[in-house]
Amino acid sequence: MKSLHALPLILALLAPAAFAGAQREEDLSASVRAALHGAVSDRAAPEPIFPSAVERVTWISEMSQRLIKRMPDPKERVDFLKTVYYEAQRAGLDPQLVLGLIQVESRFKKYAVSPVGARGYMQVMPFWVRQIGTPDQNLFHIRTNLRYGCTILRHYLDIEKGDLYRALGRYNGSLGRPEYPNMVRAAWERQWGWQPVGKVAQQTLPTRN
């Protein structure tokens, strides 16, 4: 009988390859490395904080309906959405943007592997674990993958001084080319756009050619 520890690797090999390119390994200063290590090491329970109880119920219900075909199991779906919201909120990102990125990166396949080895929902390159994590961290684990993905995107946003177009290019390893940022923008706005009644429209990412 095969070891249960081998299951994620087996499933990864069977999963369809993802669209993603790859983040590029870079030299990090000691201070940046320490900050990113701290960001991915926190093990607090992922309980998202919504502006109100009504918004919590509304958001989870609405996103759950949109995700149902890709993730039929209701418990898995709600746990996934709560983790997305928590990790996005923790990194200062729009949860709907993160959902759009996941759609483009992995099509919501937990064990997706890109041709260059990026893994999981947010297609995180394994070198990040070596640079800022610990050997026991599994990039196919939902929370670990989302924590890394959101932390990395936040890191790229900081490097690019808030320029989301360029940060997404770095995330995909295609900086300067418009295809990937525009795909994420389209998925974010068309599939996952959501705004509570009475609030201003969400920030959008300008299309670039």
Side-chain angles (χ1 to χ4, degrees), residues 4-5 7-12 14-16 18-20 39-114 118-124 128 133 136-154 168 171 183-199 201-203:
L4 290 177
H5 293 292
L7 182 59
L9 178 58
I10 293 170
L11 291 174
L14 294 175
F19 167 86
V40 299
S41 297
D42 175 27
R43 297 181 181 273
E47 191 59 40
I49 300 174
F50 287 81
S52 69
V54 171
E55 189 164 324
R56 175 191 178 95
V57 172
T58 304
W59 188 87
I60 292 177
S61 176
E62 176 65 29
M63 297 302 140
S64 183
Q65 286 300 310
R66 300 183 195 185
L67 191 58
I68 194 167
K69 291 183 179 179
R70 296 182 174 94
M71 207 173 283
D73 182 81
K75 184 180 185 305
E76 178 189 9
R77 197 165 62 246
V78 170
D79 287 346
F80 172 80
L81 287 169
K82 286 173 64 177
T83 307
V84 166
Y85 196 100
Y86 177 88
E87 295 299 341
Q89 182 183 57
R90 185 178 184 276
L93 302 173
D94 186 323
Q96 288 78 246
L97 165 62
V98 174
L99 287 168
L101 184 147
I102 292 172
Q103 179 177 318
V104 172
E105 287 284 351
S106 68
R107 303 182 185 91
F108 296 93
K109 301 294 184 183
K110 181 177 181 179
Y111 295 106
V113 180
S114 80
R119 299 179 180 182
Y121 289 119
M122 294 189 74
Q123 290 292 276
V124 178
W128 283 107
D136 63 316
Q137 290 174 323
N138 177 7
L139 291 176
F140 291 120
H141 182 274
I142 174 177
R143 186 171 173 220
T144 300
N145 189 272
L146 295 176
R147 168 63 57 85
Y148 268 84
C150 289
T151 298
I152 292 162
L153 182 55
R154 179 75 262 168
L168 286 171
Y171 192 95
M183 286 176 68
V184 173
R185 171 185 178 269
W188 177 20
E189 293 182 352
R190 297 173 188 171
Q191 302 297 322
W192 304 103
W194 181 83
Q195 196 66 36
V197 175
K199 292 192 177 181
Q202 70 180 36
Q203 173 189 1

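What you see is a predicted model, and the numbers here were worked out from it, not measured in a lab.
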Nearest 0.5 angstrom please: [X] [atom1] to [Y] [atom2], how far?
X: K109; Y: I102; atom1: NZ; atom2: CD1; answer: 14.0 Å
X: T144; Y: D136; atom1: OG1; atom2: CG; answer: 8.5 Å
X: H141; Y: L146; atom1: NE2; atom2: CG; answer: 10.0 Å
X: E76; Y: L67; atom1: CD; atom2: CG; answer: 8.5 Å
X: L97; Y: E189; atom1: CG; atom2: CD; answer: 10.5 Å
X: E55; Y: W194; atom1: CD; atom2: CH2; answer: 4.0 Å

Quiz item: Are the side chains of D79 and I142 in touch, meaning some heavy atoms are under 4.5 Å apart?
Solution: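 In short, these two side chains do not touch, never coming nearer than 4.5 Å.
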
Practice problem: Measure the shortest side-chain to side-chain distance between W188 and D94 over non-hydrogen atoms and say whether it is less than 4.5 angstrom. | Solution: yes

Quick check: closest heavy atoms across [X] and [Y], and the distance to 0.1 Å?
X: V98; Y: A88; value: CG2-CB, 3.7 Å
X: Q123; Y: V113; value: OE1-C, 4.0 Å
X: R119; Y: N145; value: O-ND2, 2.8 Å
X: Q96; Y: W192; value: CG-O, 2.7 Å
X: S106; Y: A112; value: CB-CB, 3.9 Å
X: A91; Y: C150; value: CB-O, 3.7 Å

Exercise. Could you give me the CA-CA distance, side-chain angles and deciding distance for Y171 and E105, then say whether side chain to side chain donor-acceptor pair (under 3.5 Å) is met?
Key: CA-CA 10 Å; Y171 192 95; E105 287 284 351; 5.4 Å; no

Quiz prompt | Check against side-chain contact (heavy atoms from CB on, under 4.5 Å), T58 and F50 | solution = CA-CA 10 Å; T58 304; F50 287 81; over 6 Å; no

Quiz item: Where does the angle between the aromatic ring planes of W59 and Y85 fall among parallel (under 30°), tilted (30 to 60°) and perpendicular (over 60°)?
Solution: perpendicular

Exercise. Look at the rings of Y121 and F80 and say which category their plane angle falls in: under 30° parallel, 30 to 60° tilted, over 60° perpendicular.
Key: tilted

Practice problem: Indicate yes or no for a side-chain donor-acceptor contact from R56 to the backbone of I49 under 3.5 Å, with no hydrogens or angles considered. | Solution: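 Side chain of R56 to backbone of I49, a donor-acceptor pair under 3.5 Å: no, none is there.
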
Exercise. May I ask you to decide if Q191's main-chain N or O and R66's side chain share a donor-acceptor pair within less than 3.5 Å?
Key: yes

Self-check item: Candidate list R147, K82, R154, test salt bridge (charged side-chain N to carboxylate O under 4.0 Å, His left out), partner E87, passing option
Solution: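 Answer after filtering R147, K82, R154: R147.
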
Quiz item: Run the side-chain contact (heavy atoms from CB on, under 4.5 Å) check on V124 and I152 step by step: do they pass?
Solution: CA-CA 9 Å; V124 178; I152 292 162; 3.8 Å; yes

Quiz prompt | Full working for side chain to side chain donor-acceptor pair (under 3.5 Å) between T83 and R143 | solution = CA-CA 7 Å; T83 307; R143 186 171 173 220; over 6 Å; no

